[in-house]
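Ligands are counted one by one from 1 in listed order, and the atoms in each one are counted from 1 as well. As a basis for the values below, the full set of heavy atoms in this structure was taken, side chains included, without hydrogen atoms, waters or symmetry mates. Note that the structure is a prediction, hence the values are computed from the model and not measured.
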Amino acid sequence: MISGFTVAIDGPAASGKGTISKAIAAHFGFAHLDTGLLYRAVGAKVLAGMEPTQAALELVPDDLENDALRTPAVAQEASKVAAIPTVRAALVDFQRSFAARAGGAVLDGRDIGTVICPEAQVKLFVTASADVRASRRFTELSGKGMDVTFEDVLSDVLARDARDMGRVDAPLRPAEDAAQIDTTDMAIADAVAAAVAMIDTKI
Ligand code: CDP
């Protein structure tokens, strides 16, 4: 069994990192943590009236099992609470213990390669043009029956990108040793194949 093998996947909203992470986890039998869900769960609690840091400190795994976390309103609130250093600090230990679990782990987010797991054996930074990302997210949300327009989704994605890249604590940026994958003109299956090949060389 592979122990302590960590794959860190970062990138902006709807870049394809979640799909790639899930496929890698399935291929190698690694556990997968979508760290965005942690911030979304805190955002949802804040929308329900809780204080952000308290919400982060009291988060439990069951809080992540909630379809309502996928709405654009929760996404926006997630990126607001994600700029609060005490919220981020409250979530570090959980993410690092997950990364260190026996059998290997894939974590996707914004600061996995830079802050949470700077020692990760493989670091990927997944990007795509804003239009392509918004179009993918629009298809996903409307497929779930949500009443959204492409323009709204695009402005949501751009607002979150700006907030995530502009914050002082753990801003969204590629780690210096991350391999970049631009999925703008790439089928996700090809991006997965490229990622699998990179990981194969490190295992
Ligand atoms: O799925 P999508 O890429 O749209 O978003 P997400 O990964 O669910 O993340 C939602 C928000 O959480 C992001 O816009 C970030 O503000 C924040 N986040 C973060 O700050 N750090 C992470 N490691 C993961 C997410």
Using a 4.5 Å cut-off on heavy atoms from C-beta on, say whether the side chain of P12 contacts that of T127.
yes
For residues F150 and T139, determine if any side-chain heavy atom of one lies less than 4.5 Å from a side-chain heavy atom of the other.
no
Identify, by atom number and element, the atoms of ligand 1 in contact range of A82, meaning under 4.0 Å from any of its heavy atoms.
16 (O), 17 (C), 20 (O)
Residue, atom name and distance, where the atom is the protein heavy atom closest to atom 21 (N) of ligand 1
R88 NH2, 3.1 Å
Give a yes/no on ligand 1: does A14 have at least one heavy atom closer than 4.0 angstrom to it?
yes
Taking N or O atoms only and a 3.5 Å limit, does R40 qualify as a polar contact for ligand 1?
yes
Give the residue and atom name of whichever protein heavy atom lies nearest to atom 24 (C) of ligand 1, and the separation in Å to one decimal.
T35 OG1, 3.4 Å
Which protein heavy atom lies closest to atom 14 (O) of ligand 1, and at what distance to 0.1 Å?
D164 OD2, 2.7 Å
Shortest non-hydrogen separation from T184 to S129 and the atoms involved
OG1-N, 3.0 Å
Of the listed options (R137, R160, R167), which comes nearest to atom 1 (O) of ligand 1 when hydrogens are ignored and any heavy atom counts?
R137
Quick check: closest heavy atoms across P52 and V46, and the distance to 0.1 Å?
CA-CG2, 3.6 Å
Measuring only between side-chain heavy atoms, which start at C-beta, is I112 closer than 4.5 Å to I9?
no
Hey, are the side chains of D161 and V157 touching, using non-hydrogen atoms and a 4.5 Å cut-off?
yes
Student check: side-chain heavy atoms of R70 and R40 closer than 4.5 Å:
yes
From G43, A78, G11, G36 - option closest to atom 6 (P) of ligand 1 by heavy atom:
G36
Which of the atoms in ligand 1, numbered in the order shown and given with their element, are less than 4.0 Å from a heavy-atom of S79?
14 (O), 16 (O)
If the threshold is 4.0 Å, N to carboxylate O, is there a salt bridge linking D111 and R88?
yes
Does at least one non-hydrogen atom of K17 fall below 4.0 angstrom from an atom of ligand 1?
yes
In sequence, state the C-alpha distance, the side-chain angles, and the governing distance for I116 and F94, and then conclude on side chain to side chain contact (heavy atoms under 4.5 Å, CB included).
CA-CA 10 Å; I116 300 296; F94 176 74; over 6 Å; no
Within-shell test, K80 vs ligand 1, heavy atom, strictly < 4.0 Å:
no
What protein heavy atom sits nearest atom 12 (O) of ligand 1, and how far off is it?
Y39 CB, 3.4 Å
For D111 and ligand 1, does the shortest N/O to N/O distance drop below 3.5 Å?
yes
Which bit of R110 gets closer than 4.0 Å to ligand 1, counting heavy atoms only: side chain, backbone, both or neither?
both
